[in-house]
*Asks:* 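One structure is given below, represented as structure tokens, and several questions about it will come after.
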Amino acid sequence: MLDRLAQRNLLSDSDSDALLSLPHRHARFDAGAYIVRDGDRADSCGVLVGGFVYRHKVTGDGARQILSIHMKGDIVDVQNSLLGYADHSVQALTHAELAVIPQSALLELCAERPAIAQALWRDTLVDASIFREWIVNVGRRDAR
């Protein structure tokens, strides 16, 4: 996560130390386990320490649409934690391990350290850009 955010914005050594000092708990999930379900109260986000997870929505007829796939170092579910309630689900694709960070700690850190806030904002924008490409792939590009 630190490397990823440092690519998005210049972070000082003290910014890096502050990120690494965020309170967190470790959580492990078996393949197929839900990390977050659509509609859940979201008061934390996770950094993927190992494995793969994916975001998805379920349609009215029960079909699942994958929205994104995440790998080690990705910050998973920061969007839901800022919205307060999950508007999509996050599920483990393989055995996955996350460092789960309380939303309040992340918000406090962003208020105290603008460079970190800007790096997170840019990371979210890059994630949104990838999402837009994903939507075009699913909706308009030929499968071949």
Side-chain angles (χ1 to χ4, degrees), residues 1-59 63-143:
M1 171 193 71
L2 186 56
D3 290 340
R4 181 181 172 123
L5 291 178
Q7 290 175 353
R8 308 285 185 237
N9 202 50
L10 182 62
L11 299 176
S12 68
D13 288 342
S14 64
D15 288 332
S16 298
D17 291 343
L19 276 166
L20 294 174
S21 297
L22 276 168
H24 63 279
R25 66 177 171 80
H26 288 277
R28 292 189 173 104
F29 299 89
D30 291 329
Y34 278 87
I35 297 163
V36 176
R37 287 184 185 264
D38 194 345
D40 283 354
R41 173 94 176 102
D43 57 3
S44 62
C45 66
V47 175
L48 192 55
V49 176
F52 293 88
V53 302
Y54 63 101
R55 288 187 207 159
H56 66 86
K57 292 283 286 183
V58 176
T59 65
R64 179 177 22 207
Q65 177 63 57
I66 294 174
L67 305 172
S68 60
I69 297 175
H70 298 276
M71 61 188 77
K72 182 179 178 178
D74 284 354
I75 304 166
V76 179
D77 209 36
V78 74
Q79 298 91 342
N80 282 340
S81 71
L82 294 174
L83 292 172
Y85 288 91
D87 69 350
H88 61 272
S89 297
V90 179
Q91 196 169 359
L93 184 60
T94 65
H95 175 80
E97 187 175 338
L98 280 88
V100 180
I101 302 166
Q103 172 205 33
S104 58
L106 190 60
L107 290 175
E108 185 177 314
L109 183 66
C110 287
E112 294 172 358
R113 298 187 170 271
I116 291 174
Q118 189 169 22
L120 282 167
W121 181 240
R122 285 184 176 164
D123 189 63
T124 301
L125 293 173
V126 168
D127 195 39
S129 178
I130 293 167
F131 176 73
R132 288 187 290 275
E133 288 295 324
W134 191 283
I135 294 300
V136 172
N137 283 340
V138 171
R140 302 300 294 170
R141 291 188 177 132
D142 187 299

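Remember, it's a predicted structure, so these values are computed and weren't measured experimentally.
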*Asks:* Side-chain contact test, heavy atoms from C-beta onward, threshold under 4.5 Å: evaluate it for Leu93 versus Val53 and give yes or no.
*Replies:*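 The answer is no; the side chains never approach within 4.5 Å.
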*Asks:* Might you confirm whether atom CG of Leu10 has over 12 heavy atoms from other residues, nucleotides or ligands at distances under 6.0 Å?
*Replies:*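 Incorrect, the count does not exceed 12.
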*Asks:* Once you round to the nearest 0.5 Å, how far does OG of Ser104 lie from CG of Leu109?
*Replies:* 11.5 Å
*Asks:* Identify, with sequence neighbours excluded, every residue that meets salt bridge (charged side-chain N to carboxylate O under 4.0 Å, His left out) alongside Arg122.
*Replies:*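 Counting only residues at least two positions away or on another chain, Arg122 forms no salt bridge (charged side-chain N to carboxylate O under 4.0 Å, His left out).
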*Asks:* In the structure I gave you, are the side-chain heavy atoms of His24 and Val100 within less than 4.5 Å of one another anywhere?
*Replies:*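 In short, these two side chains do not touch, never coming nearer than 4.5 Å.
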*Asks:* Short question: side chain of Thr94, backbone of Gly51 - any donor-acceptor pair under 3.5 Å?
*Replies:* no
*Asks:* For residues 91-113, which residue pairs pass the salt bridge (charged side-chain N to carboxylate O under 4.0 Å, His left out) check, not counting sequence neighbours?
*Replies:* Asp15-Arg113, Arg28-Glu97
*Asks:* How long is the straight-line distance from CD1 of Ile130 back to OG of Ser68, given to the nearest 0.5 Å?
*Replies:* 9.0 Å
*Asks:* Would you check if Trp134 and Leu67 make a side-chain contact, meaning some heavy-atom pair closer than 4.5 Å?
*Replies:* no
*Asks:* Does any pair with a residue in residues 65-78 pass salt bridge (charged side-chain N to carboxylate O under 4.0 Å, His left out), and if so which ones, sequence neighbours excluded?
*Replies:* Arg4-Asp74
*Asks:* Taking the side chain as every heavy atom from C-beta outward, state whether Asp127 and Val78 have any pair of such atoms under 4.5 Å apart.
*Replies:* no
*Asks:* Only one of His88, His56, Lys57 passes side chain to side chain donor-acceptor pair (under 3.5 Å) with Asp38; say which it is.
*Replies:*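 Single pass found, and it is Lys57.
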*Asks:* Please round to the nearest 0.5 Å and tell me the distance separating atom CD1 of Ile116 and atom CG of Leu106.
*Replies:* 9.0 Å
*Asks:* Are Leu98 and Ile35 packed together at the side-chain level, in the sense that at least one heavy-atom pair is separated by less than 4.5 angstrom?
*Replies:* yes
*Asks:* Compare all side-chain heavy atoms of Arg41 with those of Tyr85 and state whether any distance is below 4.5 angstrom.
*Replies:*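 Answer yes - side chains close enough.
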*Asks:* For Gly32, does its backbone N or O pair with a side-chain atom of Gln91 as donor and acceptor, under 3.5 Å?
*Replies:* yes
